[in-house]
Amino acid sequence: LYVPIIFELLPTQFRLDQLQNVFEIILERPFDSRSFNKKILATEILTQVAAPVDDNSKPSQRLFQFDEAKYQRMQEEGFQFEIKPGSPKK
């Protein structure tokens with residue numbers, strides 16, 4: 001799955017649950033939200049747009065944007081982006 005295409009289907013700033021929804025629609029499979037958030041944030045291709053109003057807010061409620069320049073640099077270094085569906089979300 002070519003990642004930048006996924007980000008073209010989202011607004012410039014988006015929540016992780018919106019990103020997860022796009023993945024689930026395209027792959028026709030559910031993801032566990034906690035695992036998805038952990039995996040996508042570990043890729044470091046997202047930048048948090050603004051500090052959350054509440055420091056205790058969940059990552060899924062924060063706004064992010066795709067860092068295309070960082071993604072391109074990582075790809076040149078051999079980065080392979082892949083998120084596999086795990087257990088269904090609860």
Side-chain angles (χ1 to χ4, degrees):
L1 194 53
Y2 186 65
V3 177
I5 296 298
I6 289 173
F7 293 100
E8 293 294 324
L9 300 172
L10 291 163
T12 304
Q13 298 179 358
F14 52 85
R15 295 183 321 269
L16 293 181
D17 61 328
Q18 293 173 301
L19 177 60
Q20 178 178 340
N21 189 47
V22 172
F23 269 90
E24 290 176 341
I25 290 169
I26 291 172
L27 297 175
E28 298 179 332
R29 295 181 151 188
F31 288 86
D32 174 74
S33 296
R34 288 179 294 175
S35 295
F36 180 85
N37 292 350
K38 184 177 178 180
K39 288 177 184 178
I40 195 74
L41 292 174
T43 66
E44 299 182 359
I45 60 172
L46 300 181
T47 302
Q48 189 170 321
V49 176
V53 175
D54 176 5
D55 288 336
N56 295 321
S57 66
K58 297 177 182 177
S60 61
Q61 300 306 310
R62 299 175 188 158
L63 288 177
F64 292 88
Q65 63 187 22
F66 175 57
D67 188 336
E68 189 168 356
K70 185 170 187 175
Y71 175 76
Q72 294 299 333
R73 285 191 307 272
M74 291 171 68
Q75 248 194 340
E76 290 169 6
E77 296 170 3
F79 174 74
Q80 295 289 320
F81 182 85
E82 185 175 6
I83 296 221
K84 297 180 182 178
S87 304
K89 61 182 171 181
K90 298 174 182 168

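Everything numeric here is computed off the predicted structure, so don't read it as measured data. In what follows, every heavy atom counts, from backbone to side chain, and hydrogens, waters and symmetry copies are set aside.
- Note that OG1 of T47 and CZ of F66 are 9.5 Å apart. Values are rounded to the nearest 0.5 Å.
- The shortest distance between side-chain heavy atoms of L41 and F64 falls below 4.5 Å.
- Among residues two or more places apart in sequence or in another chain, the salt bridge (Lys or Arg N to Asp or Glu O under 4.0 Å) test is passed with K70 by E44.
- Distance check: R34 CZ to K39 NZ gives 12.5 Å after rounding to the nearest 0.5 Å.
- A donor-acceptor pair is defined here as one N or O able to donate and one able to accept, closer than 3.5 Å; no such pair exists between the side chain of Q20 and the backbone of N37.
- Contact annotation: the side chain of L46 approaches that of F7 to within less than 4.5 Å [non-hydrogen atoms, C-beta and beyond].
- Between F31 and F23, the ring planes lie perpendicular to each other; the angle is over 60°, past the 30° to 60° tilted range.
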Could you walk me through whether L63 and R15 pass the side-chain contact (heavy atoms from CB on, under 4.5 Å) test, one step at a time?
CA-CA 5 Å; L63 288 177; R15 295 183 321 269; 4.0 Å; yes

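- Evaluation of the side-chain contact (heavy atoms from CB on, under 4.5 Å) rule for L9 yields V22, I26 as partners, not counting sequence neighbours.
- Side-chain contact between F36 and L19 is present, with at least one heavy-atom pair separated by less than 4.5 Å.
- Applying the side-chain contact (heavy atoms from CB on, under 4.5 Å) rule to A69 yields the partners D67, R73; only residues at least two apart in sequence or on another chain are considered.
- Nearest heavy atoms, T43 versus M74: O-CE, 3.1 Å.
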